[in-house]
Amino acid sequence: RAYLDCHAVQDRDVWVADAFRSSAAPLPAPLLPDSGVAGFRADLNMVRDGFQRFDLLDDHVHFLPGPMADTLSTAPVEEIAVLRIGRAAGDETRAALEALYDRVAPGGFVIIDAAAATEARTQTEEFRTDRGISARMERIDASAVVWRRSASDGAAAKGDAAGSPKPRAPIAPSLPADPLDLTVVVVLYNMRREAERTLHALSRAYQEGIDDVTYEVLVVENGSDAAGSVDAAFVERFGPEFRYIDLGADAPPSPVAALNRGIALGRGRAFALMIDGAHVVTPGVLRFGLAGLETYAPSIVATQQWYVGPGQQGDAMDNGYDQAFEDRLFKRIEWPSAGYRLFEIGHFVGDRDWFDGVWESNCMFVPRSILRQVGSFDESFAVAGGGYANLEFYERLGSAPDVTVCSIIGEGSFHQTHGGTTTNQPDPDARRSRVFGYSQEYASLRGRPFRGPGKPIHYVGRIMTSAGRRSKPRRMSTRVFADAAAGAGDGLPDSPTPVPDELKWSFTEAVWRNLAWERTTWLGQRIDTAPTDLLAYQEILSGVRPDWVVETGTGDGGRALFLACMCELVGHGEVISIDTTAAADRPQHPRLRYLTSMPSADATAHEVRQMVGDSTAVVVLGSLAGREETARQFEAYADLVPTGSYVVVTDTIVNGHPVWPAFGVGPAEAVKQILTKHGEFVQDPDMEKYALTFNPGGFLRRVR
């Protein structure tokens, strides 16, 4: 690329193919985000950064990430002047030659830079022999050889073409002769009910500020059954901008191929990509998405994600939230007449707000030029729902050194419940297990865990309504959730309705500030915790009936005494409580033993293991420590816990979850790290059913 730049050659492109892994082979599962192996080999965006440092990262450079056997056969490379197969190709040397040799122009050069390596040399010689290539092969230096192709030298015999390659991330086609400003691609799978709202929200009748924008909406049906599918008539009634594409019965389970089909057929200079067609957007999304692309070019623009409903949708469904409840919410706000009232019936995805960063988007705006440089969605993510395909796409595009990551303030995409494979999986254990599987698939494909672009985020937009001013310092709930719940009938409820997350957080924060929990006692002994957590502990002990309870962070001994008393009441079990210091006047109980030592020390863990032996245990990590110390304590004692038992990580409310934001990374962040590594544990929201808890997300149940 530098040679072409120096000689002002403007009609040639450079194509760069590699696995682009940060390690030579898939890392063994489980993986930690700070794994020391990651980083030994350059991944895609490290290479792009190298180009950018010399001002050579432009539209004339294209990247093909993945195994060469998968990417090169379908790459839109027409005629090659120089084919260089580098040292890293190794045992893929022949695959590269098979895919590209017939595209080398007469007079073009083939350079094998790893010819001294046994595998590359053997594969090169076998290829030349099989193809009957007579051109003289000359040595360049100690490792590289070169030959020049004649007009007919080594042409493939008819019918010798390789079979269908595995799908990867296809390069987007060039801009058509009659381009539009924007192509919106929406993927549907059994979403007829949700599509009614999704597509209306993308129409000119709903979107604001786009009178001078030319756009199209490509609706891709991805193998829905008859009851859940839509058709061309259904789609086209939303306006002349709408076009229907049906992948038919052969559609794969993943939505990735459907998105790539939409990209291939789209006419836009930019794309808005919606991997999940159940998302309904606010009225300014298209306007501000395009504004972000223009303002910060080259950029990508992520629309922030919300759930329709009172909290995290999967957990809300465990507590009675369903499509009927959701329909009542839409009716209450008189949608779509006032689109920004969606904020009254929604909740941010995750414990976050406008300024907490983005890890994916279900309405992401990207310029065509970036998709021509690094490709579209990676079809290696082939599981139902796409796994981490959307996250990988956001990371790959956003991590480019020349790309600005942008988000929209005051606009959102709102996920409707539809029975999807991840968020709406009815079994919470299966839901969490599936997400863990997605993270492991990503690590296997990329050689490292998902980490996101990690860039400062720029913003466009404005907040139109008070309900949209949702942030941690301005936490608010809304009467709409209560009104919709009341719509199910008066008197004793027939079924549960979820408590809004904002109400849980506000209540928790109010109790924390009130300090009533510091005046809670058990048999006269002070016990610094929420009384609802004590109820959860007794449910665990009476249900699991462990032989031992291992507690870290004794403090003044109140919690240890309570746990010992519960063991006494159920007639089974003893408590080992560990702390670095021995408080004066610690309570005593026949079933309670104290250890004064560092809980995560090897010697301490060894002593505890000798005491526990082959017996069963419940572990309570109550030291209120930072992330790394909490994780070390988990690693020291988690294997004492059998299937069906618990590790409880306490005090996950600190570091702004929702209290004490100055604490720094602590127990809540440790839980995220633990769950990334240990798929045998899942969070049990049933232990948080009373809404007030100081351990949100910290009740970890072993499921295998």
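- From Arg451, atom CZ reaches atom OG of Ser399 across 7.5 Å, with rounding to the nearest 0.5 Å.
- In this structure, Tyr189 has no side chain to side chain donor-acceptor pair (under 3.5 Å) partners at least two apart in sequence or on a different chain.
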Margin query: For a side-chain contact (heavy atoms from CB on, under 4.5 Å) check, start with the C-alpha distance between Asp378 and Phe393, then their side-chain angles and the critical distance, and finish with the verdict.
Written below: CA-CA 7 Å; Asp378 189 341; Phe393 184 70; over 6 Å; no
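- Here the straight-line distance linking atom CZ of Phe694 with atom OG1 of Thr650 works out to 11.0 Å at 0.5 Å rounding.
- Listed by chain and number, the residues in a side chain to side chain donor-acceptor pair (under 3.5 Å) with Glu395 are Tyr442, Arg448 (sequence neighbours excluded).
- Open room surrounds CG on Asp602; 12 or fewer heavy atoms of other groups in view lie less than 6.0 Å from it.
- Side chains of Thr552 and Gln633: a donor on one and an acceptor on the other come within 3.5 Å.
- Looking at residues two or more places apart in sequence or on another chain, you find no side chain to side chain donor-acceptor pair (under 3.5 Å) involving Glu688.
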Checklist line | Leu624 and Phe663: CA distance, side-chain angles, deciding distance, side-chain contact (heavy atoms from CB on, under 4.5 Å) verdict | finding: CA-CA 10 Å; Leu624 186 55; Phe663 181 89; 4.0 Å; yes
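- Leu592 and Pro587 get closest at one heavy-atom pair: CD2-O, 3.7 Å.
- For the pair Glu680 and Arg701, the salt-bridge criterion is not met [side-chain N within less than 4.0 Å of a carboxylate O].
- A donor-acceptor pair under 3.5 Å links the side-chain atoms of Ser615 to the main chain of Val612, judged by distance alone.
- Side-chain atoms of Ser254 come within 3.5 Å of backbone N or O of Val256 as a donor-acceptor pair.
- Here the straight-line distance linking atom CG of Leu541 with atom CG of Leu569 works out to 10.0 Å at 0.5 Å rounding.
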Margin query: For a side-chain hydrogen bond (donor to acceptor under 3.5 Å, both in side chains) check, start with the C-alpha distance between Glu669 and His657, then their side-chain angles and the critical distance, and finish with the verdict.
Written below: CA-CA 10 Å; Glu669 290 71 28; His657 305 292; 2.7 Å; yes
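- Aromatic ring orientation, His415 versus Tyr307: perpendicular (interplanar angle above 60°, classes split at 30° and 60°).
- Across all non-hydrogen atoms, the minimal contact from Pro685 to Asp318 is CG-OD2, 4.3 Å.
- Side-chain contact, Gln304 with Ser361: no donor N or O sits under 3.5 Å from an acceptor N or O.
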Next item on the list: For Gln305 and Ser413, run side-chain hydrogen bond (donor to acceptor under 3.5 Å, both in side chains): C-alpha distance rounded to whole Å, both residues' side-chain angles, the deciding distance at 0.1 Å, then the answer.
Entry: CA-CA 5 Å; Gln305 299 182 110; Ser413 69; 5.3 Å; no
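- Counting all heavy atoms, side chain and backbone alike, Val618 lies closest to Ile540 at CG2-CG2, 4.0 Å.
- For Phe450 and Trp359, the ring centers are positioned 6.0 Å apart or more.
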Note to self: Run Trp548 and Val575 through side-chain contact (heavy atoms from CB on, under 4.5 Å) and show every step you take.
What the structure shows: CA-CA 6 Å; Trp548 294 90; Val575 177; over 6 Å; no
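- In this structure, Glu360 has no salt bridge (Lys or Arg N to Asp or Glu O under 4.0 Å) partners at least two apart in sequence or on a different chain.
- To the nearest 0.5 angstrom, Lys677 atom NZ is 8.5 Å from Gln673 atom CD.
- Legend: side-chain hydrogen bond (donor to acceptor under 3.5 Å, both in side chains) pairs involving residues 556-580, not counting sequence neighbours, sorted by first then second residue: Asp547-His572, Glu551-Arg559, Glu551-Ser577, Thr554-Ser577, Glu568-Arg591, Glu574-Arg593.
- Considering only residues two or more places apart in sequence or on other chains, Arg632 meets the side chain to side chain donor-acceptor pair (under 3.5 Å) condition with Glu629.
- The closest side-chain heavy-atom distance from Val550 to Leu640 is below 4.5 Å.
- Proximity of a side-chain donor or acceptor of Arg702 to a complementary backbone N or O of Val641 within less than 3.5 Å is detected.
- Of the possible donor and acceptor atoms, one in the side chain of Thr508 sits under 3.5 Å from a partner among the backbone N and O of Lys504.
- Applying the salt bridge (charged side-chain N to carboxylate O under 4.0 Å, His left out) definition to pairs two or more places apart or across chains, none involves residues 652-665.
- Asp356 places a side-chain N or O within 3.5 Å of a backbone atom of Asp353 that can act as its donor or acceptor partner.
- Side-chain atoms of Asn695 and Thr652 form no donor-acceptor pair, as typed in the model, at a separation below 3.5 Å.
- Looking at residues two or more places apart in sequence or on another chain, you find no salt bridge (Lys or Arg N to Asp or Glu O under 4.0 Å) involving Arg704.
- We find the CD-SG distance between Gln538 and Cys565 to be 13.0 Å, quoted to the nearest 0.5 Å.
- Residues satisfying the side chain to side chain contact (heavy atoms under 4.5 Å, CB included) criterion with Asp585, sequence neighbours excluded, are absent altogether.
- Judged by a 6.0 Å distance limit and a 45° cone about the ring axis, Arg586 is positioned over the six-membered ring of Tyr594.
- Partners of Asp639 by side chain to side chain contact (heavy atoms under 4.5 Å, CB included), not counting sequence neighbours, listed by chain and number: Arg609.
- Taking 4.5 Å as the limit, some side-chain heavy atom of Pro667 sits within range of a side-chain heavy atom of Val654.
- No donor-acceptor distance shorter than 3.5 angstrom exists from the side chain of Asp315 to the backbone of Gly311, with no hydrogens or angles considered.
- Without hydrogens or angle criteria, Asp43 side chain to Met46 main chain gives a donor-acceptor distance under 3.5 Å.
- Every residue was checked against the salt bridge (Lys or Arg N to Asp or Glu O under 4.0 Å) condition with Glu194, not counting sequence neighbours, and none meets it.
- In terms of heavy-atom proximity, Ser407 sits nearest to Ala302 at OG-O, 3.0 Å.
- Ser645 places no side-chain N or O within donor-acceptor distance of the main-chain N or O of Pro642, the cut-off being under 3.5 Å.
- Taking every heavy atom of both residues into account, Pro453 and Tyr394 meet most closely at CD-CE2, 3.4 Å.
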Check: Does the side-chain contact (heavy atoms from CB on, under 4.5 Å) test come out yes or no for Met274 and Met364, once each step is laid out?
Finding: CA-CA 7 Å; Met274 300 180 68; Met364 188 159 74; over 6 Å; no
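- Side-chain contact check for Tyr321 and Glu326: at least one donor-acceptor pair (N or O, by modelled atom type) lies under 3.5 Å.
- Closest heavy-atom contact between Thr676 and Gln440: O-NE2, 3.5 Å.
- Taking CG of Asp533 as the reference point, atom CH2 of Trp517 lies at 11.5 Å (rounded to 0.5 Å).
- Between Phe634 and Phe681, the ring center distance clears the sub-6.0 Å criterion.
- Looking only at side-chain heavy atoms (C-beta outward), Glu518 and Leu515 come within less than 4.5 Å of each other.
- Considering only residues two or more places apart in sequence or on other chains, Phe562 meets the ring pair (Phe, Tyr, Trp, His ring centres under 6.0 Å) condition with Trp522.
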